[in-house]
There are 2 protein chains.
Amino acid sequence: MAANSRLTIATHVLAWLALAQRRGQEVLTSDQVAASVNTNPVIVRRSLGDLRRAGLVTVRHGAGAGWSLARAPEEITLRQVYEAVGAQPPFGLHHTEPNLECPVGRGIRPALSAAYGRVEQAMRRELAATSIADVLRQTLRS
Amino acid sequence: MAANSRLTIATHVLAWLALAQRRGQEVLTSDQVAASVNTNPVIVRRSLGDLRRAGLVTVRHGAGAGWSLARAPEEITLRQVYEAVGAQPPFGLHHTEPNLECPVGRGIRPALSAAYGRVEQAMRRELAATSIADVLRQTLRS
DNA sequence: CTTGCCGTAACATCTTCTGTTGCAGCCAGG
DNA sequence: CCTGGCTGCAACAGAAGATGTTACGGCAAG
């Protein structure tokens with residue numbers, strides 16, 4: 001499978017909403033967002049649905065509908081986006097249960113889970129250090 | 001795709017080699033290793049091939065062939081294993097090029113690459129803090 | 001030379017992700 | 001009240017990657 005691009009899509013969407021808001025555009029439709037991401041509006045709606053459930057964006061239904069940020073871009077970190085999109089952790093355990101007759105097979109899964117948990121905590125800490133405002137600032141610089 | 005288990009397989013293999021070595025068993029065949037991981041010997045050989053290219057294990061061909069660690073278990077970190085198995089980074093960029101007419105679409109890829117690079121560095125730092133000896137010790141504790 | 005194991009290619013299967021279509025639900029505005 | 005535009009969601013096709021399996025050539029110790 002191709003690399004997981006959900007965090008990328010969601011971050012792109014949020015950055016675009018932030019820029020539109022700054023320019024005075026209150027709400028954007030999923031079609032307008034999809035035009036920037038260059039993908040299907042349903043993909044964008046799926047991503048925005050995740051972000052809505054996490055409380056990062058709000059949606060207005062009916063005529064004149066659309067999306068807007070639920071809080072300031074400085075208040076949204078990539079860690080929140082990462083958790084909102086529910087990306088799976090980078091490492092998985094064995095597909096098939098290891099041989100429990102073997103001392104390594106018996107005890108390695110909790111050992112690895114602990115190590116992988118520490119790695120994911122490190123990832124989360126690093127993701128929390130960047131906000132949507134940071135991403136947008138860096139984006140407009142180029 | 002199922003979660004990526006290459007790091008898990010490779011670490012299991014190395015821990016098993018380390019334990020066998022400590023017990024006086026100099027070399028193990030891929031069949032013996034596969035019996036502990038509970039998978040096909042070819043999977044194990046593929047993994048061991050990665051580790052050999054990275055200089056972490058050595059192989060003996062011909063009759064009486066088999067594998068052994070190329071250095072002490074304390075000297076092998078999960079970071080080295082991670083780099084040996086060539087796992088892809090946790091986040092990918094857009095599948096299709098974003099709309100370059102849009103200021104966000106134009107500049108977001110380098111901005112995200114930089115942020116993702118920092119995250120992967122954090123992962124590597126954390127992986128470097130655990131060695132095969134640590135994993136084996138934790139494994140045998142349960 | 002025989003035998004056991006490595007190295008690798010080819011292939012089947014499974015899973016996940018992306019992208020697409022279709023349709024019901026909702027609500028501002030006329 | 002009704003229309004139109006957009007959301008929400010289910011269903012499905014296609015692509016990509018990973019695992020698992022079989023098969024076969026190559027190598028070296030005995």
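Just so it is clear: chains get the letters A, B, ... in the order the sequence lines come, proteins before strands, and each one is counted from 1.
Out of D:dT19, C:dG19, D:dA23, the shortest distance to the side chain of B:Ser5 is found at D:dT19. Taking every side-chain heavy atom of A:Val42 into account, C:dT21 is the closest of D:dA23, D:dT7, C:dT21. You'll find that the side chain of B:His95 is closest to C:dT18, out of C:dT8, D:dG8, C:dT18.
No hydrogens or angles considered: nothing links the side chains of B:Ser47 and B:Asp50 as a donor-acceptor pair under 3.5 Å. A donor-acceptor pair shorter than 3.5 Å cannot be found between the side chains of B:Tyr116 and A:Glu126.
Atom CZ of B:Arg60 and atom P of C:dC6 are 11 Å apart (whole Å). Whole-Å rounding puts the A:Leu48 CG to D:dG8 P distance at 8 Å. The nearest whole Å value for the distance from the CG atom in A:Asn4 to the C1' atom in C:dT15 is 13 Å. Counting to the nearest Å, the C1' atom of D:dA13 and the CG atom of A:Asn40 are 13 Å from each other. Computed from coordinates, the B:Gln88 CD to D:dT19 P distance equals 11 Å when rounded to whole Å. For B:Asp50 and C:dG7, the CG to P distance is 11 Å, given to the nearest whole Å. Look at CG on B:Leu93: it is 13 Å from P on C:dT18, rounded to the nearest Å. We find that CH2 of B:Trp67 is positioned 10 Å from C1' of C:dC5, with the value rounded to whole Å.
A residue-by-residue look at B:Gly49 and B:Thr96 shows that B:Gly49 has its nearest nucleotide of DNA chain C further toward the 5' end. If you find the closest nucleotide of DNA chain D to A:Arg52 and to A:Gly62, the one lying nearer the 5' end belongs to A:Gly62.
Using a 4.0 Å cut-off, some side-chain N or O of B:Thr39 falls inside it from OP1 or OP2 of D:dG20. At the phosphate of C:dC6, OP1 or OP2 sits under 4.0 Å from a side-chain N or O atom of B:Ser30. OP1 or OP2 of D:dT7 has at least one side-chain nitrogen or oxygen of A:Arg45 nearer than 4.0 Å. In this structure, B:His61 does not reach the D:dA29 phosphate: none of its side-chain N or O atoms is under 4.0 Å from OP1 or OP2.
Counting distance only, with no hydrogens placed and no angle test, the side-chain atoms of A:Arg46 and the base atoms of C:dG19 include a donor-acceptor pair under 3.5 Å.
At distances below 3.5 Å, not a single donor-acceptor pair connects side-chain atoms of B:Ser5 with backbone N or O atoms of B:Thr8. Without hydrogens or angle criteria, A:Asn99 side chain to B:Ala35 main chain gives a donor-acceptor distance under 3.5 Å. Between the side chain of A:Arg6 and the backbone N or O of A:Val85 there is at least one donor-acceptor pair closer than 3.5 Å.
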